[in-house]
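Only one structure is covered here, and it is reproduced in the block below.
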Protein chains: 2
Amino acid sequence: MMKQFQKTKKYYLGVLMSIDKKFIAEVFQNLDLQPNEVERIAATFELLDLKKGTILLHENEVVHDQYYVRSGCLRTYFNDVSGKEHTIQFAIKDWWISDYTAFFSTSKALLQIECIQDAQVYKISRKEMEVLYAEIPSLETFFRKKMEKGFAAFQKRILSNLSQPAKDRYYSFIKTYPNIEQSVKNYHIASYLGITTESLSRIRKEITS
Amino acid sequence: MMKQFQKTKKYYLGVLMSIDKKFIAEVFQNLDLQPNEVERIAATFELLDLKKGTILLHENEVVHDQYYVRSGCLRTYFNDVSGKEHTIQFAIKDWWISDYTAFFSTSKALLQIECIQDAQVYKISRKEMEVLYAEIPSLETFFRKKMEKGFAAFQKRILSNLSQPAKDRYYSFIKTYPNIEQSVKNYHIASYLGITTESLSRIRKEITS
DNA sequence: AAGCTTTCTTATCATAGATCAATTTTTTCT
DNA sequence: AGAAAAAATTGATCTATGATAAGAAAGCTT
């Protein structure tokens, strides 16, 4: 498949920057970064325009980057041996996305990252980010906290998969992520909940009646 | 239920320490800590002797601590509305355990921590650990990496729950955690795999035949 | 607007694993 | 060792969700 996204220009050394610094400051809003720190960070961010359908990361590619979503919608999913897709994560505005399991160890992707609504994302490499950790320690804390949230979300998901019927999990999903529900297809939601699209359809029918 | 564990004495300021510093150094073996750093850490560790059956943490208690297992075996589990137990994690020698979701935010426990084989554990408070992060930055990195591993394990579990039948999940479990298999009951394993003990029994029967 | 293509729905039948109810085996305690 | 408790097994039946197969509806494209 052709690459459907294009890179924006990138200028190093902070002389000229194509990326909106103000926006970068908002990404890390609670950190109270110094202007020079924001500039330093901005230099490592790369803005990408993605068309719906783009596969940003393919299975077995080494994962060097994570992405911050400015707009649009992406998801990570796993293709199992029987050809079924299992959605691990959706990401809309202000979410981070990657195959984190592979990202952390700079190893091969198990997941694919797919753009499911035209999107603008920042691409951030792990390597550059680790250099930044040393310069701006609060960044490491920022990402540690993100990770803690992600960990908690995964645990919650394991428990709801184990203890709740599909109908309850669907209710939780639309209640917890109303904005995501609007950006994705029902078959995406089904693959996230771990049911077939037919089962989801039956659940939805039950609800409306 | 009576408390079945007793605290060991604890001496502050590094004047006298009841806890084996050599052992502490091993906990963080890859960090290459200085002797004074080890001493500093040791002062925040509290050694507990636990009897099988002890509930170290009850649902709805605020979670201030995590535990490092020196010996024995513990598990965290969730009691769902219908009275079923769902095991989230087992911990044997050299594993860390807590209700991390609550631990990270110092909020109320959803899980219980149960000692399932007589154990010796170190208790480490989040608060003290965060002070240590500032003094010994490599500690924050150490725990971030642990978290990354835990995150990856959770993702793997979500995917295997969604894509594999119980039999395959059981095979993976005993292959991945042979040492845990020997320390826990089959009904613990069943509650980890998300099946009933009857189903696990049938799977085991199939294997032996 | 007509015709594709994608997405969603509906119906029928199949099945993994649950539930219920005993029973047997293993472990623990006195 | 023998009794009691805990854990594991087995059988019969039930149920939520899957698989398969059509169709209907919605969204794009020209």
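By convention in this document, chain letters (A, B, ...) are assigned in the order of the sequence lines, proteins followed by strands, and residues within each chain are numbered from 1. On a predicted model such as this, the values are computed, not experimentally measured, just so you know.
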Taken to the nearest whole Å, CG/B:Asn186 to P/D:dT10 is 12 Å
Nucleotide D:dT9, atom C1' - distance to NZ of B:Lys185 in whole Å: 15 Å
Quick one: are B:Val184 and B:Arg75 in side-chain contact, heavy atoms under 4.5 Å? no
Please identify each residue that fulfils salt bridge (charged side-chain N to carboxylate O under 4.0 Å, His left out) with A:Arg157, with sequence neighbours left out. none
Given atom CG of A:Asp168 and atom C1' of D:dA16, what is their separation to the nearest angstrom? 12 Å
If I take atom CG from residue A:Asp49 and atom CG from residue A:Asp118, how far apart are they, to the nearest 0.5 angstrom? 9.0 Å
Using a 4.5 Å cut-off on heavy atoms from C-beta on, say whether the side chain of B:Tyr77 contacts that of B:His188. no
Any non-hydrogen side-chain atom of B:Leu139 less than 4.5 Å from a side-chain atom of B:Glu37? no
For nucleotides 18-23 of chain D, which of its nitrogen or oxygen atoms have a protein nitrogen or oxygen under 3.5 Å away, and what is each distance?
| unit_1 | atom_1 | unit_2 | atom_2 | d |
| --- | --- | --- | --- | --- |
| D:dG18 | OP1 | A:Gly194 | O | 3.4 |
| D:dG18 | OP2 | A:Thr196 | N | 3.2 |
| D:dG18 | OP2 | A:Thr196 | OG1 | 3.3 |
| D:dG18 | OP2 | A:Ser199 | OG | 2.6 |
| D:dA19 | N6 | A:Arg202 | NH2 | 2.9 |

Calculate the interatomic distance between B:Ile116 atom CD1 and D:dA6 atom C1'; express it in whole Å. 15 Å
Rounded to whole angstrom units, what separation is found between the OH atom of B:Tyr187 and the C1' atom of D:dA6? 7 Å
With a 4.0 Å cut-off (strictly under) to non-hydrogen atoms of chain A, the first and last hit nts on DNA chain C, 5' to 3', are C:dT7 to C:dT12
Nearest 0.5 Å please: distance from the CD atom of A:Glu181 over to the CZ atom of A:Phe173. 7.0 Å
Given atom CD1 of B:Ile189 and atom C1' of D:dT9, what is their separation to the nearest angstrom? 16 Å
Between A:Phe142 and A:Phe28, does a ring-ring contact (aromatic ring centres under 6.0 Å, His included) hold up when you go through it step by step? CA-CA 8 Å; A:Phe142 176 87; A:Phe28 303 101; 4.8 Å; yes
Go through B:Glu140 and B:Arg144 one step at a time and tell me if the salt bridge (Lys or Arg N to Asp or Glu O under 4.0 Å) criterion holds. CA-CA 6 Å; B:Glu140 178 159 3; B:Arg144 176 171 56 84; over 6 Å; no
